[in-house]
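Structure first, then comments.
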2 protein chains.
Amino acid sequence: MTSARAGQDAALHADAERPSRREQILQAAAQLFAERGSRAVGVDDVGAAVGVTGPAIYRHFASKDAMLAEMLLRISERLLEGGSERVADAGDDPAAQLRALVAFQVDFALDNPALITVQDRDLGSLTEADAAQVRRLQRRYVEVWVGVLARLHPGADAATCRARAHAIFGLINSTPHSAGRLNRPAMARLLADMAQAAATA
Amino acid sequence: MTSARAGQDAALHADAERPSRREQILQAAAQLFAERGSRAVGVDDVGAAVGVTGPAIYRHFASKDAMLAEMLLRISERLLEGGSERVADAGDDPAAQLRALVAFQVDFALDNPALITVQDRDLGSLTEADAAQVRRLQRRYVEVWVGVLARLHPGADAATCRARAHAIFGLINSTPHSAGRLNRPAMARLLADMAQAAATA
DNA sequence: CGGATTGGTTAACGGCGGTTCACACCCGGG
DNA sequence: CCCGGGTGTGAACCGCCGTTAACCAATCCG
């Protein structure tokens, strides 16, 4: 069940091979969970969103919680993987690494506002085991940022860098809250510039 | 047991009388809602947190939803009121006004992490009428920021300023996520500096 | 004093929602 | 042709939880 080719599940991709019912469900659920919160969304709602009745979900997932768990695990994995990759590809210059990380996070947030929302709203609805694993992945992703920030702020201790990283996430992940209005490239530039300034202040 | 001023949030009392049972409930509920989400918290849990059984809540609130509504309305009112006041007291210099707003928001977020969390996680659990009113207040608060930001960025349109304001909120409100570690004055300075930089970038 | 008010308690009700069950298709391969 | 696995359906089950009911202790006040 560890889906082998997991890199391509971006919440808004409907091409390639027609997404399996399973993937359709995950995507629709992410959307609904983001809008109303996972606990406020019924299994029937998720089913209806993909043109199926509620119990049909159980042909693809063991439970509603398992759905959420898989969703959150994938997000964390994609962030960690993508972030590490971007840093590795950016050479040795910490400033370049920061630019790469910022660009990556901005793209992710703009591409997947629903996932961003669910990730930090519904972590608490997971079993302790699942939550722990998600937190482990998240922490590793944060550490990627901390490594870069530490080189940019030689005087700062790790706790400060960590707080700084969280603040930058908060800034970039504000996207779902400032809904609409601004076209994507403008939004991307604005967020990147602000994040850059905040990171190097 | 009502020895009052132990570790209490500087939070929810519009009228700062001795904490009435009603206020105790609101405060305990805010804490629990922040930790687990309002839908995951039972009336019995809230009651237990103040040393009372579940149904006793209904002597003080019409319903669980009414509790949440009052909580969110108060937050929004306090932010709008406090923000407007700080700007008015800061004279005519937009840079000074921004500093005042940033300091205010940082103080609020550090003093009331629970309220910050609940405010944007559980807005969706309100009746449409209540949610609308909260959003109205929030919008007015945002507009206070937008007014200041617009003067600092003469070339920028309102939509950009609005997105900028939301991004700054995200940055400052990241506090609940970077739990602990950093002592309060250090955190306050870090957040203020980053917000300042992001706002003027 | 004594009745009304206030703030509790325990027990029960009722609906919602996740999950299971028994059954019905569709379809590909022996 | 039929058998079996994957997928979907409607009905039923069941536990949780918000809410109400009925009753009780204390306190306030005329």
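Sequence lines set the chain letters: A, B, ... in the order given, protein chains first and strands last, and positions in each chain run from 1.
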| said: If you take any heavy atom closer than 4.0 Å to DNA chain C, which residues from residues 50-58 of chain A end up in contact? | reply: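 Residues of residues 50-58 of chain A under 4.0 Å from DNA chain C: P55(A), Y58(A).
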| Short side-chain donor-acceptor distance under 3.5 Å, Y141(A) and Q105(A) |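 Yes, side-chain donor-acceptor contact under 3.5 Å.
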Once you round it to whole Å, what is the distance between [atom2] of [N] and [atom1] of [X]?
{"X": "R22(A)", "N": "dG6(D)", "atom1": "CZ", "atom2": "P", "result": "14 Å"}
{"X": "D45(B)", "N": "dG18(D)", "atom1": "CG", "atom2": "P", "result": "8 Å"}
{"X": "R39(B)", "N": "dC16(C)", "atom1": "CZ", "atom2": "P", "result": "12 Å"}
{"X": "M67(A)", "N": "dT19(C)", "atom1": "CE", "atom2": "P", "result": "10 Å"}
{"X": "D44(B)", "N": "dG15(D)", "atom1": "CG", "atom2": "P", "result": "18 Å"}
{"X": "F61(B)", "N": "dC17(D)", "atom1": "CZ", "atom2": "C1'", "result": "19 Å"}
{"X": "L68(A)", "N": "dG17(C)", "atom1": "CG", "atom2": "P", "result": "17 Å"}

| field | For I172(A) against V102(A), the heavy-atom pair lying closest together | value |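 It is CD1-O, 4.4 Å.
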| Residue pair F33(A) / L68(A): nearest heavy atoms and the distance that separates them |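 The answer is CD2-CD1, 3.8 Å.
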| Using a cut-off of less than 4.0 Å, is there contact between a side-chain N or O of R21(A) and OP1 or OP2 of dG6(D)? |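 Checking R21(A) against dG6(D): no side-chain N or O falls below 4.0 Å of OP1 or OP2.
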| query | Is H60(B) near enough to dT6(C) that one of its side-chain N or O atoms lies under 4.0 angstrom from OP1 or OP2? | reply |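 For dT6(C), OP1/OP2 do not have a side-chain N/O of H60(B) under 4.0 Å.
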| request: Run the salt-bridge test on E70(A) and R22(A) with the 4.0 Å N-O cut-off and return the result as yes or no. | output: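 So E70(A) pairs with R22(A) through a salt bridge.
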| task | Answer yes or no: is there an ion pair linking R135(B) with D130(B), defined by an N-O contact shorter than 4.0 Å? | result |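 Judged by the 4.0 Å cut-off on N to carboxylate O distance, R135(B) and D130(B) do not form a salt bridge.
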| said: Let's see if you can work this out: which of dG8(C), dT19(D), dT19(C) has an atom nearest to the side-chain heavy atoms of V43(A)? | reply: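 Of all the options, the side chain of V43(A) is nearest to dT19(C).
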| query | Given dT19(C), dT7(D), dG7(C), which nucleotide is nearest the side-chain atoms of K64(A)? | reply |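 Between dT19(C), dT7(D), dG7(C), the one nearest the side chain of K64(A) would be dT19(C).
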| message | Is it the case that dG6(D) (base atoms only) and R59(A) (side chain only) share a donor and an acceptor within less than 3.5 Å, ignoring hydrogens and angles? | response |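 Donor-acceptor pair under 3.5 Å: no.
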| query | Between H166(A) and F169(A), how do the two ring planes meet: parallel, tilted or perpendicular, split at 30° and 60°? | reply |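 Correct class here is perpendicular.
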| request: Hey, could you give me the CZ/OG distance between R39(B) and S38(A), rounded to the nearest 0.5 Å? | output: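 Taking CZ in R39(B) and OG in S38(A), the distance rounds to 10.0 Å.
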| message | Any base atoms under 4.0 Å from V46(A), or only sugar-phosphate, or nothing? Heavy atoms, all strands. | response |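 Touches nothing.
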